[in-house]
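Report on the following structure.
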Amino acid sequence: MKNFDFINAASLDDAIAILAEKGEKACLCAGATNVMVDIRTKKINDKVLVNIRDIAELKGINFSDGIISIGALTPIAVLTKSDILKGYAPALFMAANDFADPVTINSATIGGNIADASPAADTAPSLLALDAKINVVSKKGKREIPVDQFFKGVRKTDLAPDEIITSISFIPAAASGFYKIGLRNAMAISVATAAASVKLDKNGNIADCKLALGSVAPTPLRAKNAEAFLNGKKPDKETLAGMAEAIQEDINPIDDIRATAAYRRQVAPVCAKRAINFALYGECQ
């Protein structure tokens, strides 16, 4: 039997107070694209549903003092139309535009997408490649969580039960890109995704590459072995071919209804190469 109470949080202060009181009994709802599925499949029950959809201060994209900040309740659809992201964070702009069907993309929020902590969360690899910070708050105060420390397991995060994500912030990375392989393009949950941000030195060698992958491990992850292999080298065909072997040390895919682990091992380097090529050349070569 499903058993839920419902509370509307009209402001961030309301939401913080409710979370402090209800703790693990609270379930935050904004777009609710994942929450409703979990209710139907009985993955969550006996919760207090806390509606935070109307908290205006948690919405919007801002670019100030060299930092891009996105409110946690900003719908993915808003990201798809953002000139700020298109120009200064193409990896996230591309991920948003390859996200889901029109109904979902208008309801789902960026905060909800990462808080759900699915290994296949489409925005997660881009945020990892952008070295984003997850800004959270509770009655105890504010906290900043590096995104590479945020995901702790399948649908597990570093968030405490009384904390709420307020925004995601990062330094612009115009040389960045994203690539996704899904069974039906944007409408499908990803089989594998990759995002990259790349900086070259004056000799054309890779000075800094942040490479992230999704759907190929229990959490979205930074491909640290592949990054180490790439850094200091020219981004030519030989280097990218060698990267494919290094990536195998970073990933731990599984068989599921969308793909086999073996297939994911094959396509993860393809996604990575195309994300890097977009970051460097503006196209997925």
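Starting from 1, each residue takes its place in the sequence as its number.
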Considering all heavy atoms of both residues, which atom of Ile247 and which atom of Pro269 are nearest to each other, and what is their separation? CD1-CA, 3.9 Å
Are more than 12 heavy atoms, taken from residues, nucleotides or ligands other than Lys233, located less than 6.0 Å from that residue's NZ atom? yes
Nearest-0.5 Å distance, CG of residue Leu159 to CD1 of residue Ile145: 5.0 Å
Sidechain N-carboxylate O distance under 4.0 Å for Lys234, Asp236: no
Quick check on the hydrophobic clustering: are Ile84 and Ile110 connected, directly or via other members, by side-chain heavy-atom contacts under 4.5 Å? yes
Determine whether Pro218 and Pro119 make a side-chain contact, defined as any pair of heavy atoms from C-beta on separated by less than 4.5 Å. no
Gap between atom CD1 of Ile67 and atom CG of Asp65 - 0.5 Å precision: 8.0 Å
I want to check something: taking the side chain as every heavy atom from C-beta on, are Ser197 and Asp131 in contact at a cut-off of under 4.5 Å? no
Does Leu73 share a hydrophobic cluster with Leu127, counting links as ILVMFWY side-chain heavy atoms below 4.5 Å and allowing steps through other members? no
Close side-chain approach of Gln248 and Glu245, heavy atoms under 4.5 Å: no
Does any N or O in the side chain of Asn231 come within less than 3.5 Å of the main-chain N or O of Cys209, such that one atom is a donor and the other an acceptor? yes
Within this structure, what is the CG-CD1 distance for the pair Leu28 and Ile52, rounded to the nearest 0.5 Å? 4.5 Å
Taking every heavy atom of Ala91 against every heavy atom of Ala195, the minimum-distance pair comes out as CB-CB, 4.5 Å
Shared hydrophobic cluster for Ile61 and Phe99 (ILVMFWY, side-chain gaps under 4.5 Å): yes
Quick check: are there more than 12 heavy atoms from other residues, nucleotides or ligands sitting under 6.0 Å from OH of Tyr263? no
Do you know which two heavy atoms are closest between Ala26 and Val50, and how far apart they sit? CB-CG2, 4.1 Å
If we only count heavy atoms from C-beta on, is the Phe63 to Pro172 side-chain gap below 4.5 Å? yes
Please check: side-chain N/O of Thr74 versus main-chain N/O of Gly60, any donor-acceptor pairing under 3.5 Å? yes
Do the non-hydrogen side-chain atoms of Ile168 and Ile68 ever get within less than 4.5 Å of each other? no
Please tell me if the side chains of Val78 and Lys59 come closer than 4.5 Å, counting only heavy atoms from C-beta onward. no
Here the gap from Phe151 atom CZ to Thr157 atom OG1, rounded to the nearest 0.5 Å, amounts to 8.5 Å
Check the surroundings of atom OH in Tyr88: do more than 12 heavy atoms from other residues, nucleotides or ligands lie under 6.0 Å from it? no
Ser215 side chain to Ser190 backbone, donor-acceptor under 3.5 Å: yes
With a 4.5 Å limit on heavy-atom distance, are the side chains of Asn8 and Arg53 in contact? no
Indicate if Met243 and Val198 have the same hydrophobic cluster label, given that clusters are the connected sets of ILVMFWY residues with side-chain heavy-atom separations under 4.5 angstrom. yes
Roughly how far, to the nearest 0.5 Å, is OG of Ser11 from CG of Leu58? 9.5 Å
Same cluster (ILVMFWY, side-chain, under 4.5 Å), Leu79 and Ile165: yes
Using modelled atom types and a 3.5 Å cut-off, is there a donor and acceptor pairing between side-chain atoms of Lys22 and backbone atoms of Val48? no
For Leu280, is there any backbone N or O sitting under 3.5 Å from a side-chain donor or acceptor partner on Asn277? no
Between Pro125 and Thr193, what is the shortest heavy-atom contact and its length? CG-OG1, 3.4 Å
Correct closest heavy-atom pair for Ala246 and Phe229 would be CB-CB, 4.0 Å
Could you tell me whether the side chain of Arg264 and the main chain of Ala192 form a donor-acceptor pair under 3.5 Å? no
Distance (rounded to the nearest 0.5 Å) between Ile114 CD1 and Asp122 CG: 13.0 Å
Are any of the side-chain heavy atoms of Thr219 and Phe150 separated by less than 4.5 Å? no
Donor-acceptor pair, Asn97 side chain versus Phe93 backbone, under 3.5 Å? yes
Are the side chain of Asp54 and the backbone N or O of Ala10 linked by a donor-acceptor pair below 3.5 Å? no
Between Asn203 and Asn205 (side chain of the first, backbone of the second, donor and acceptor by atom type, cut-off under 3.5 Å), is there such a pair? no
Provide the full list of side-chain hydrogen bond (donor to acceptor under 3.5 Å, both in side chains) pairs with a residue in residues 132-145, sequence neighbours left out, each pair given once. Asn135-Ser167, Asn135-Ser169, Lys140-Asp162, Arg143-Asp158, Arg143-Glu163
Heavy-atom closest contact (Ala194 atom, Ala275 atom, distance): O-CB, 3.7 Å
Output all residues satisfying side-chain contact (heavy atoms from CB on, under 4.5 Å) with Ala95, sequence neighbours left out; order by chain, then residue number. Ser126, Phe178
More than 12 non-hydrogen atoms from neighbouring residues, nucleotides or ligands closer than 6.0 Å to NZ on Lys152, yes or no? yes
How would you list, by chain and number, every residue that makes a salt bridge (charged side-chain N to carboxylate O under 4.0 Å, His left out) with Lys210, sequence neighbours excluded? Asp208
